[in-house]
Asker: 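After the structure tokens below, expect a handful of questions from me.
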Amino acid sequence: MLKKIGVIGGGYIGGVLAQEIAHRRLAREIGVSDPAPMPNPSDPEDRQTVVKKQSVSIGKCLDIAEGLPVVSRDTKLVGSKDYSALAGAEMVINTAGVPRKARPDGTFPSREELLAINLKVTVEVAKGIKQYCPDAMIISIANPLDAIVFTLDKRLSPPKNRLMGMAGVLDSARYCYFVAEAANVSVENVNAIVLGGHGDDMVPVRSSCQIAGIPVAKFLDADTLAKIETRTRKAGGEVVGLLGFGSAFVSPAWAALEMAEAVIFDKRKILPVCVKLEGEYGVKGLFVGVPCILGKNGIEKVVELDLTDEEKAAFAKSAAGVAKTCEEAEAMLKTL
Ligand code: TXD
């Protein structure tokens, strides 16, 4: 159990994180930081005064705190509209940003289009971390995932082992779920991993996908697997389209907590993590999803898989996509 975990962004994912951290007893204290709701300058003065007194983070912390007697948990929760709620956190999970929302014509902005909006947010988040918990382990969720982690690295320059992005655990869980569903077996029997960027060119690694240690090809034909892998790549958009508001929020929160628990309990668990590569997989200086051993020091080691030539090419393409988004981010950061 940690002394304190900070949650940056108290929205859909942040709310699930706070309640799950309390319920799983992962920290004695939880701090949630979120500026919402923000007054609309065009509103009448009295309305703005009302909104300034409201706070999503304080309200959600109070709601969860008032439920603690029911679930017999003694967790302290503190919310703030600034970053002060993060003070003293040993770990922070960053969800700050805006999720993809359907446009009036039903189409959705790409993760990259979110970049401009969420870069500004991330620059503020980095200032908050630097001020209140400069030595915290950082797990970042906000999209575009790879570029946001890249930006946190640029602004904070933390040791490589202490900054990681969550996407691969969720993408791999989606892959596992679809394989289990198609093979009509327990999800517990399926072991699969998705590498690369958290975009439509992510790489489900079929060559290492197994059901009870048996290659998946013994259960599902190539056409079915290709369909599953396409659905995995688009799974985020599928949920966004069905919800009509925001994006998936329970599964991303659970995925981030699998990473957090690997660190908190020093599990030395191998998970797909967006991490700064320094030559591994032929990539240098980019944050890309690869298998890592996660333990008390955060990223303990990057694990290099033997990929097929096709998978290597797909990984290189995905990394090139990450490089492009990060180049855009770097150019934008110069203006922020
Ligand atoms: O696998 C993954 N990594 C993705 C990530 C899976 C699903 C969702 N993905 C992204 O996570 C999504 O595209 C968003 O970028 C984030 C958070 O998703 P969520 O659904 O929680 O979005 P919300 O409900 O809008 O919450 C974001 C909160 C919101 O309450 C804002 O007020 C707050 O972020 N926010 C801030 N908090 C702190 N500091 C600043 N500057 C700030 N700006 C906004």
Side-chain angles (χ1 to χ4, degrees), residues 6-19 31-39 51 54-60 79-86 92-102 108-129 131-132 139-149 151-152 155 164-175 194 196-200 202 232-240 243-259 271-274 287 289 336:
V7 175
I8 309 173
Y12 287 107
I13 296 179
V16 176
L17 286 171
Q19 81 179 62
V32 183
S33 157
D34 192 318
M38 288 168 271
V51 173
Q54 294 173 334
S55 164
V56 161
S57 56
I58 297 172
K60 287 195 176 183
S80 67
K81 294 189 89 165
D82 60 13
Y83 295 105
S84 57
L86 305 179
V92 288
I93 305 178
N94 173 42
T95 75
V98 294
R100 284 188 289 169
K101 288 190 175 75
F108 304 98
S110 71
R111 289 186 181 92
E112 286 65 27
E113 284 173 86
L114 279 173
L115 179 58
I117 306 163
N118 285 336
L119 268 191
K120 287 192 187 75
V121 166
T122 306
V123 165
E124 292 307 307
V125 165
K127 285 179 193 160
I129 292 172
Q131 180 176 358
Y132 289 101
I139 299 174
S140 191
I141 298 179
N143 267 331
L145 187 274
D146 316 295
I148 298 298
V149 183
T151 300
L152 288 170
R155 293 290 167 136
M164 59 195 95
M166 187 301 289
V169 173
L170 173 59
D171 297 330
S172 303
R174 288 167 165 166
Y175 191 21
V194 175
H198 184 51
D200 293 345
M202 64 179 79
T232 300
R233 291 188 187 93
K234 303 275 185 191
E238 183 182 0
V239 173
V240 167
L243 289 175
F245 64 88
S247 42
F249 55 97
V250 176
S251 50
W254 283 350
L257 291 175
E258 178 165 24
M259 295 167 66
L271 292 169
V273 178
C274 177
F287 281 83
L336 296 179

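This is a predicted model, so every value here is computed, not measured. What you see below is based on every heavy atom in this structure, not just the backbone, and it leaves out hydrogens, waters and symmetry mates. Read the numbers this way: they start at 1 and go in the same order the structure lists the ligands and their atoms.
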Asker: Is the closest heavy atom of Pro35 to ligand 1 under 4.0 Å?
Answerer: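 Within the 4.0 Å threshold, so yes.
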Asker: What atoms of ligand 1 come within less than 4.0 Å of a heavy atom belonging to Ala248?
Answerer: 7 (C), 8 (C)
Asker: Select the closest option to atom 4 (C) of ligand 1 among Asn143, Val7, Val32, judged by heavy-atom distance.
Answerer: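 Heavy atom nearest to atom 4 (C) of ligand 1 belongs to Asn143.
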Asker: For Glu258 and Leu271, run side-chain contact (heavy atoms from CB on, under 4.5 Å): C-alpha distance rounded to whole Å, both residues' side-chain angles, the deciding distance at 0.1 Å, then the answer.
Answerer: CA-CA 9 Å; Glu258 178 165 24; Leu271 292 169; 3.7 Å; yes
Asker: Out of Val149, Asn118, Asp146, Thr95, who is nearest to atom 16 (C) of ligand 1 when you count heavy atoms only?
Answerer: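 Looking at heavy atoms only, Thr95 sits closest to atom 16 (C) of ligand 1.
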Asker: Is the shortest side-chain heavy-atom distance between Asn94 and Ile148 below 4.5 Å?
Answerer: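 Yes - at least one pair of side-chain heavy atoms lies under 4.5 Å apart.
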Asker: For atom 44 (C) of ligand 1, tell me which residue out of Ala253, Gly97, Gly9 has the closest non-hydrogen atom.
Answerer: Gly97
Asker: Indicate yes or no: does an N/O atom of Val125 lie under 3.5 Å from an N/O atom of ligand 1?
Answerer: no
Asker: Decide yes or no for Tyr83 and Val125: does some side-chain heavy atom of the first lie under 4.5 Å from some side-chain heavy atom of the second?
Answerer: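 Yes, at least one pair of side-chain atoms sits under 4.5 Å.
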Asker: If we only count N/O pairs under 3.5 Å, is Ile13 in contact with ligand 1?
Answerer: yes
Asker: How does Pro252 reach ligand 1, by side chain, by backbone, by both or by neither, if only non-hydrogen atoms under 4.0 Å count?
Answerer: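 It is the side chain that gets close, since no backbone atom is under 4.0 Å.
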Asker: For Gly236, state whether at least one heavy atom is located under 4.0 Å from any atom of ligand 1.
Answerer: no
Asker: Using side-chain contact (heavy atoms from CB on, under 4.5 Å), reason through Thr151 and Asn118 one step at a time and then give a plain yes or no.
Answerer: CA-CA 10 Å; Thr151 300; Asn118 285 336; over 6 Å; no
Asker: Is any side-chain heavy atom of Leu17 closer than 4.5 Å to a side-chain heavy atom of Ile141?
Answerer: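 Yes; the side chains approach each other to less than 4.5 Å.
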Asker: Give me the atom names and distance for the closest heavy-atom approach of Lys81 to Ser57.
Answerer: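 It is N-OG, 4.2 Å.
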Asker: Would you mind running through ligand 1 and noting each atom that sits below 4.0 Å from a heavy atom of Leu170?
Answerer: 1 (O), 6 (C)
Asker: Within the structure, does Met166 bring an N/O atom to less than 3.5 angstrom of an N/O atom in ligand 1?
Answerer: yes
Asker: Are any non-hydrogen side-chain atoms of Asp200 and Lys234 less than 4.5 angstrom apart?
Answerer: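 Side-chain contact under 4.5 Å: yes.
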Asker: With a 4.5 Å limit on heavy-atom distance, are the side chains of Ser55 and Asp34 in contact?
Answerer: no
Asker: Side chains of Cys274 and Leu145, heavy atoms from C-beta outward: is any pair under 4.5 Å?
Answerer: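 Yes, close enough: below the 4.5 Å cut-off.
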Asker: Can you list the ligand 1 atoms lying under 4.0 Å from a non-hydrogen atom of Ala36?
Answerer: 32 (O)
Asker: Check this for me - ligand 1, Glu124, N or O atoms closer than 3.5 angstrom, yes or no?
Answerer: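 Between Glu124 and ligand 1 (N or O atoms, distance only) the closest approach is not under 3.5 Å.
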